[in-house]
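We number each residue from 1, following the sequence as shown.
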Amino acid sequence: MSMRSVFLPVTATSRRDLAERLVQLVVGLVLYGVALGLMVRGGIGVAPWDVLSLGVAAQSGLGYGAVTNLVAVVVLILWIPLRQRVGIGTLLNALLIGPSADLTLVLVPAPTSIWWGAPLFAGGLLLLAFATGLYIAADFGPGPRDGLMTGLVRRTGWKVWIVRTVIEGSVLIIGFLLGGPVGVGTVVFALGVGPLIGWFLPRITALRQERSRRLATSVRP
């Protein structure tokens, strides 16, 4: 398999457009990690993939951020038989989110009650939806977990919701058995993340596309 077939091509309307989108990608991924850290600090439950990461961390003694990165690497390995193509955003996703989450956990103290924990979780969930819109709209390739889902959809022909349910249900069960925290926040995440991303993503994408068109026009002779 050639390198061109493995990696997604990078396209841009101008150098300025490329630079701005790269900054948007990095900011989005860093904020995504911050959001995960806030939800973990909330102490009322986390997303299925984070139940898995925290469960592995509890059993291995590794930090949450390090496990988050390792899980992303394992997921990328699963891309190989699916013949998914890797983008810059895919690789940076696997590298940046974990350290950003760990730094947040260092800087944000554990709440003393649910009255502090619940707002931390809610703020993290809202920030995660916004950050997801930022890095997806930058258009540098899917994250490892998203790519696993779309790859399985393409290879199996199953509906997206079935594949996503199977994947997230599996990691949730495994994470719970390993000691990962499952709580009301897990349910809130499952019900709330889709609508929130659905609100942020099209708006951020429209702004990014309009900005890219303007930059393309500005460099024409």
(message) As an exercise, state the distance from CG of L178 to CD1 of I173, rounded to the nearest 0.5 Å.
(response) 12.0 Å

(request) Determine whether L92 and L36 fall in the same hydrophobic cluster, where Ile, Leu, Val, Met, Phe, Trp and Tyr are linked whenever their side-chain heavy atoms lie under 4.5 Å apart. (result) yes

(request) Keeping the roles fixed (side chain from R41, backbone from V108), state whether a donor-acceptor pair exists under 3.5 Å. (result) yes

(request) Kindly say whether W79 contributes a backbone atom to a donor-acceptor pair with the side chain of Q84 at under 3.5 angstrom? (result) no

(message) Would you say that R16 contacts R211 through its side chain, given a criterion of any heavy-atom pair below 4.5 Å between the two side chains?
(response) yes

(request) Please collect all side-chain hydrogen bond (donor to acceptor under 3.5 Å, both in side chains) contacts where either partner lies in residues 49-74, sequence neighbours excluded, each pair once. (result) D50-Y64

(request) Identify whether I97 and L103 are in the same connected component of the hydrophobic contact network (ILVMFWY, side-chain heavy atoms under 4.5 Å). (result) no

(message) Checking R85 against F7 for the side chain to side chain contact (heavy atoms under 4.5 Å, CB included) test, could you report, in this order, the C-alpha distance in whole Å, the side-chain angles of both residues, the deciding distance, and whether it holds?
(response) CA-CA 5 Å; R85 301 178 74 187; F7 291 98; over 6 Å; no

(message) For the CG atom of L52 and the CG atom of L172, what is their distance to the nearest 0.5 Å?
(response) 9.5 Å

(request) Enter the distance from L128:CG to I197:CD1 here, rounded to the nearest 0.5 Å. (result) 6.0 Å

(request) Indicate yes or no: at least one non-hydrogen side-chain atom of V27 is less than 4.5 angstrom from one of Q24. (result) no

(message) With a 4.5 Å cut-off on side-chain heavy-atom distances among I, L, V, M, F, W and Y, is there a chain of contacts connecting L29 to V23?
(response) yes

(request) Could you pull out the closest heavy-atom pair between G45 and F121, with the gap in Å? (result) O-CE1, 3.1 Å

(request) Check P111 against G42 and note the closest heavy-atom contact, atom names and distance. (result) CG-O, 4.1 Å

(message) Distance check, rounded to the nearest 0.5 Å: D102 atom CG versus L107 atom CG?
(response) 11.0 Å

(message) Side chains of I136 and T205, heavy atoms from C-beta outward: is any pair under 4.5 Å?
(response) no

(request) Mind jotting down which residue pairs meet the salt bridge (charged side-chain N to carboxylate O under 4.0 Å, His left out) criterion with at least one end in residues 136-157? Sequence neighbours excluded, please. (result) none

(message) If you define the side chain from C-beta out and look only at heavy atoms, does anything of P142 sit under 4.5 Å from L8?
(response) yes

(message) Between L54 and V46, is there a side-chain heavy-atom distance shorter than 4.5 Å?
(response) yes

(message) Once rounded to the nearest 0.5 Å, what's the spacing between atom CG of L152 and atom CG of L82?
(response) 5.0 Å

(request) Could you tell me whether a side-chain N or O of S100 sits under 3.5 Å from a main-chain N or O of L96, the two making a donor and an acceptor? (result) no

(message) Any heavy-atom pair between the side chains of P181 and F176 that's under 4.5 Å?
(response) no

(message) Within the structure provided, determine whether Y135 and F140 are in side-chain contact (heavy-atom separation under 4.5 Å).
(response) no

(message) Using the ring-ring contact (aromatic ring centres under 6.0 Å, His included) criterion, which residues pair with F130? Sequence neighbours excluded.
(response) F200

(request) Quick one: which residue pairs count as a side-chain hydrogen bond (donor to acceptor under 3.5 Å, both in side chains) with a foot in residues 160-177, not counting sequence neighbours? (result) R164-E168

(message) Assigning hydrophobic clusters by single linkage (Ile, Leu, Val, Met, Phe, Trp, Tyr; side-chain heavy-atom cutoff under 4.5 Å), is L18 placed with L91?
(response) no

(request) Check which hydrophobic residues are tied to L191 through side-chain heavy-atom contacts below 4.5 Å, counting indirect links as well, and list them. (result) V187

(message) For the residue pair R203 and W199, would you count it as a cation-pi contact if the rule is NZ or CZ under 6.0 angstrom from the ring centre and within 45 degrees of the ring axis?
(response) yes

(request) Report the residues that fulfil side chain to side chain contact (heavy atoms under 4.5 Å, CB included) with S212, sequence neighbours left out, ordered by chain and then residue number. (result) T13, D17, R21, R208

(message) Is there a continuous path of hydrophobic side-chain contacts, each under 4.5 Å between heavy atoms, that joins L25 to V10?
(response) yes

(message) Within the structure provided, determine whether L62 and L70 are in side-chain contact (heavy-atom separation under 4.5 Å).
(response) yes

(request) Give the minimum heavy-atom separation between L215 and S14, together with the two atoms involved. (result) CB-OG, 3.7 Å

(message) Counting neighbours of CG on L78 that are heavy atoms of other residues, nucleotides or ligands and sit closer than 6.0 Å, is the number greater than 12?
(response) yes

(request) Give a yes or no on whether the backbone of G87 and the side-chain of T90 come within a donor-acceptor separation of less than 3.5 Å. (result) yes

(message) To check you understand the geometry: which heavy-atom pair defines the closest contact between P144 and A94, and what is its length?
(response) CG-CB, 4.3 Å

(message) Rounded at 0.5 Å granularity, tell me how far CD1 in I162 sits from OG1 in T156.
(response) 8.5 Å

